[in-house]
Structures are given as C-alpha cells and as structure tokens.
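Only one structure is covered here, and it is reproduced in the block below.
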2 protein chains.
Amino acid sequence: MTVYDDTAGPTLLPATAMAGREEPVDRILATAYELFSRRGIRGVGVNELISDSGVSKATFYRHFPSKDALVLAFLELRDQVWTVELIVAEASRRGNTAEERLLAVFDVFGDWFQREDFEACSFINVLLEMGPGHPLGKASIDYLSRIRGHIQALAEEAGLDRPEEFSRSWHILMKGSIISATEGDTQASKRAQQMARWLIEHHRGL
Amino acid sequence: MTVYDDTAGPTLLPATAMAGREEPVDRILATAYELFSRRGIRGVGVNELISDSGVSKATFYRHFPSKDALVLAFLELRDQVWTVELIVAEASRRGNTAEERLLAVFDVFGDWFQREDFEACSFINVLLEMGPGHPLGKASIDYLSRIRGHIQALAEEAGLDRPEEFSRSWHILMKGSIISATEGDTQASKRAQQMARWLIEHHRGL
DNA sequence: TGGGGCGTACAGACCGGTCTGCCTCGGAGT
DNA sequence: ACTCCGAGGCAGACCGGTCTGTACGCCCCA
C-alpha cells in the first residue's frame, strides 16, 4: 500500500520545513517523519501530527485510516530516506570497491552519530516499542531485513564467502553500534568498523 | 534508594507467581518485573500493576511516590536478577578462566534467546522508549555501563590489552545480538561469539 | 454544484495520581 | 483481661488530562 503519491509535485524532503504549499498528504508524511523518528510512535499523538502539519483531522483520516497506517507509511518513507539515501547510497559514494563500500557504512555512521539530531534507528525503535508480535513490529523486522539485503548484495559483489551469514554478523555490528551511540559513545562506529574488518578477512576466499 | 527491604522474609523471586503472602511492596515489585520486562514502560499502566499485584492504589503510592519511582526500582531489580544472576554469574559458572567466562556470556545468550519468554534487554528498551535525555533513560545508560564494568573486570582478569575499549567493543556485540534475537535470529549468539573470539585475539598481548 | 479542505466539538477509553471510606490487626493502658 | 486506638492495607470513586477516532458545519474553488 503506497500512500505517498509522487506522480506530481516536487520530491518530498522530510528534513526541511515544508512551506505548506505541498499536498496535505505530503505535509502529514513530512511531519510524521520529523516526529516519529525523533520521539517514537507512542510519544507522538494524532492531534500533534495534525496541528504541526496544518491539516484538519478529517483530512488526516481521509488519507490514513488509522494512526498505524500512517506509521506504516512512515516506515516505508524511512526505508527510502534513511536506509537507501542516507546510508547505502552515501556509503557507495564513498567507496570504490564493494569492500570499501561496506566499510564506508561505518564512516557514514560516524558522521551520523555526531549529529545533534541523531535519532537512532527507527526500525529498532519501533520493533522494541511495539514488540515483534505487533504488525508494526513485524513491518520493522521486514525493513531491517531489507538493510541486510543491501549488505548481502555488497558482500556478493565483493565475492565474500557465505554472504547471507556475513550480512547477519555485519548487521549485529551495525545495530550494536547504534545502541552504543545512543548511550553516548560517538566512537562506536570506529570500534564496529574494526570488528567489521576482521569479519571481512574471515569471509574472504581462503 | 533501595525500596526493597530484605532484612526479613523469603527472598524475592520475580519470575515465579507470588502467592500473595509477601509484603505489598514485594508483590508490586514482582508484578512490575513481570510486566515491565515484557511490555515496556508505557505499555503498562498503574491500574494494571495494582490489580495484578493485589494491592490498593493508596498502598501503591505509599511505597512508590510515582510510576517513575517504581520504574527506577524495577531497573535496579533487573540489574540484580538479570545482569548479575542470570548473565554474569551463570557465565562465570560455565567458564574456568576469565577468557572462557567472557565467551560463555554468548553461550548464556544462546540459551536465553531460545526461551519463549525472551524479552530482550530492559535497559535498551527503556533507553530507546524514553530517550537518553529522560531520567529513566539516563538510569538505563548507567545500568548498561555497569554491564560493561563486568566485562571490563573479566578482561582485566584475563590480562587483555586496553580493557576499557575491549569492553565497549564487546558490548556492541552483546547489544547487537540481542536486537537480532528480537528479530528472530536465534543463531545471533553464535555469530557474535565468533566475532568476540577475534576481538579477544586482537586484545591479547602481542 | 460538489468534492476536498479546514476547524472544532465530541465520544469513549485510558492515563497517572489523589482522596475518602472501611476493615483488620496488634500493641499499649488500665 | 479487656478496651481502645492508630497504622496500614483494601476498595473504589474521582480528578484533570490525553489518547484515537467520528461527526458536523463552513468555505473555497474548480
């Protein structure tokens, strides 16, 4: 279910202040991205989403039948904006080979951890907030597996052994370093990157 | 602030059903442990805590001035029951040397991940649920640093290099594997343990 | 003229927290 | 030995506030 319709109009830029000129559904999604990514799901009420996006309640519920539906749309948007554009694409930009691109993930993490608006990983947040049995938790698990898919694709491109298991170990390093960064350890990316190097070495053709 | 008074009476066993014979404060804490560890903080209301522990509301607020105060007591209990007794003590039981005890942490994790009542790490949950700026989030960060303290002590006992940095890297593996287990990867403990072995090798005196 | 947007009032549930009663039990005073 | 009293526990009404979601009326503009 693709709620966001980008057949017309400018591209949605969630991080920037929306001028109020876009369509209501875009304003709602942009506000949801801002608030959900910073304060979680239960920490943001529908009324706040409505007032911040300058939309009436009826309009809100016309586009999203429930708050959970909006959360699903937010997760999909987060996958596009954060996972793909901010992490994977940026890491690919920084590395020339597949191995370099893999390791560059933690360089991107290092910059990300430094930001004052660092908000951790929304998929982990929602998963732990709602639980793995909740539909939103299951959706988060699905988006987390997509992240592993990106890693696995790079591992295959690099010709590493057992790319699926490699990606699962790699993902442990990513998630663990994010939690450490949330605790305040801004050097967590470097620690994870070092372990990631050892992981690559042990998955190279012997 | 130690709310629980163990100067008299049987030891508190949070996992078992309380027979209703204990003191009200014990029943409240046991119920809080059950519910908070499984469903988080915001997912459990004061009314449910009261009815489940068979205590009146006035009694509840006589012992705990607020819900947050109960959460703080819960975190302290969790540190004792989970961190110390379930993880550190059990890992020490399974290993003969300091290095073996370190690696046994992930064996204990492996058993823990298999349990159907696996509830992830309450400190991570509360930290992400409330945010690092909230008092409960700060308390969780403090308890997470205590976990690192246990690891660092074992690293020093094992004579490893730079035990503080070692413990921070080690903790990344612990937290990452817990998230992976929450996603459903019950083999996450083995992946983390393998990376932990490499970490030990690189921290041994060269 | 009619659909979509806006504003708002409202329903019904639940939140944390306060407060008033009633009951029981144990210990002190006579 | 009997009475009395207060501490503490139980039960539940109640408070203001917030939650998600519905409904209604008005307006604008195509």
Side-chain angles (χ1 to χ4, degrees), chain A residues 3-5 7-9 18-32 35-36 38-75 126 129-131 134-137, chain B residues 3-5 7-9 12 18-32 35-36 38-75 126 129-131 134-137 139:
Chain A
V3 175
Y4 177 59
D5 180 12
T7 54
M18 58 251 141
R21 276 295 84 198
E22 292 120 73
E23 291 296 300
V25 60
D26 297 333
R27 279 181 283 160
I28 295 170
L29 259 179
T31 305
L35 299 181
F36 282 153
R38 290 187 200 283
R39 311 216 310 262
I41 306 304
R42 282 198 259 228
V44 180
V46 172
N47 290 323
E48 188 178 2
L49 286 162
I50 285 166
S51 62
D52 276 28
S53 54
V55 149
S56 80
K57 215 165 203 183
T59 302
F60 177 92
Y61 278 102
R62 185 173 306 122
H63 290 289
F64 301 97
S66 68
K67 182 188 178 183
D68 281 8
L70 174 62
V71 177
L72 284 177
F74 156 68
L75 292 175
V126 174
E129 188 175 357
M130 313 305 287
H134 191 281
L136 297 179
Chain B
V3 176
Y4 176 59
D5 182 337
T7 54
L12 178 63
M18 59 253 139
R21 277 295 82 198
E22 292 121 74
E23 291 297 300
V25 60
D26 298 332
R27 279 180 285 160
I28 295 170
L29 260 179
T31 305
L35 299 182
F36 283 153
R38 291 187 199 285
R39 311 217 311 262
I41 305 305
R42 282 198 259 227
V44 180
V46 172
N47 291 321
E48 186 178 2
L49 285 163
I50 285 166
S51 62
D52 276 28
S53 54
V55 150
S56 78
K57 216 164 199 180
T59 302
F60 177 93
Y61 278 101
R62 184 173 305 128
H63 291 288
F64 301 97
S66 68
K67 183 188 178 182
D68 281 7
L70 175 62
V71 176
L72 284 177
F74 156 68
L75 291 176
V126 174
E129 188 174 356
M130 313 305 287
H134 191 282
L136 296 179

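Predicted model only: the values in this text are computed from it and were never measured. Letters A, B, ... are given to chains in the order of the sequence lines, protein chains preceding strands, and every chain is numbered from 1.
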Checklist entry - How close or far is atom C1' of dC14(C) from atom CG of Leu49(B), stated in whole angstroms? => result 14 Å
Item to check | Worked verdict on Ile41(B) versus Lys67(B) for side-chain contact (heavy atoms from CB on, under 4.5 Å) | outcome: CA-CA 9 Å; Ile41(B) 305 305; Lys67(B) 183 188 178 182; 4.1 Å; yes
Checklist entry - In whole angstroms, how far is the P atom of dT18(D) from the CD1 atom of Ile50(A)? => result 15 Å
Checklist entry - With respect to the phosphate group of dG9(D), does any side-chain polar atom (N or O) of Ser56(B) fall under 4.0 Å of OP1 or OP2? => result no
Item to check | Interatomic distance, Asn47(A) CG vs dC10(C) P [rounded to whole Å] | outcome: 15 Å
Checklist entry - Do Glu48(B) and Arg39(B) have side-chain heavy atoms sitting under 4.5 Å apart? => result yes
Next on the checklist: In this structure, how many angstroms lie between the P atom of dG21(D) and the NZ atom of Lys67(A), rounded?
Outcome noted: 8 Å
Checklist outcome for this item: Atom CZ of Arg62(A) and atom P of dT22(D) are separated, to the nearest Å, by 13 Å
Checklist entry - Would you say dG5(C) has OP1 or OP2 under 4.0 Å from some side-chain N or O of His63(A)? => result yes
Checklist entry - In whole angstrom, what separates Phe60(A)'s CZ from dG5(C)'s P? => result 14 Å
Checklist entry - Asp52(B) has an atom CG; how far is it from atom C1' of dA11(D), in whole Å? => result 16 Å
Checklist entry - Donor-acceptor pair under 3.5 Å: do we get one between Lys57(A)'s side chain and the base of dG21(D)? => result yes
Checklist entry - Do Phe64(B) and Leu72(B) have side chains that get closer than 4.5 Å, going by heavy atoms? => result no
Next on the checklist: Please compare Glu48(A) and Ala58(A) by the position of their nearest nucleotide in DNA chain D and report the one closer to 5'.
Outcome noted: Glu48(A)
Next on the checklist: Please determine whether a side-chain nitrogen or oxygen atom of Arg42(A) lies at a distance below 4.0 Å from atom OP1 or OP2 of dC14(C).
Outcome noted: no
Checklist entry - How far apart are the closest heavy atoms of Val55(B) and Ile50(B), and which atoms are they? => result O-CG2, 2.7 Å
Item to check | Val126(A)/Phe36(A) under side-chain contact (heavy atoms from CB on, under 4.5 Å): CA gap, chis, key distance, verdict | outcome: CA-CA 9 Å; Val126(A) 174; Phe36(A) 282 153; over 6 Å; no
Checklist entry - In whole angstrom, what separates Ile28(A)'s CD1 from dC6(C)'s P? => result 8 Å
Checklist entry - Which sits closer to the 5' end of DNA chain D, Pro65(A) or Gly43(A), going by the nucleotide each is nearest to? => result Gly43(A)
Checklist entry - Is the distance from OP1 or OP2 of dG4(C) to the nearest side-chain N or O of Thr59(A) less than 4.0 Å? => result no
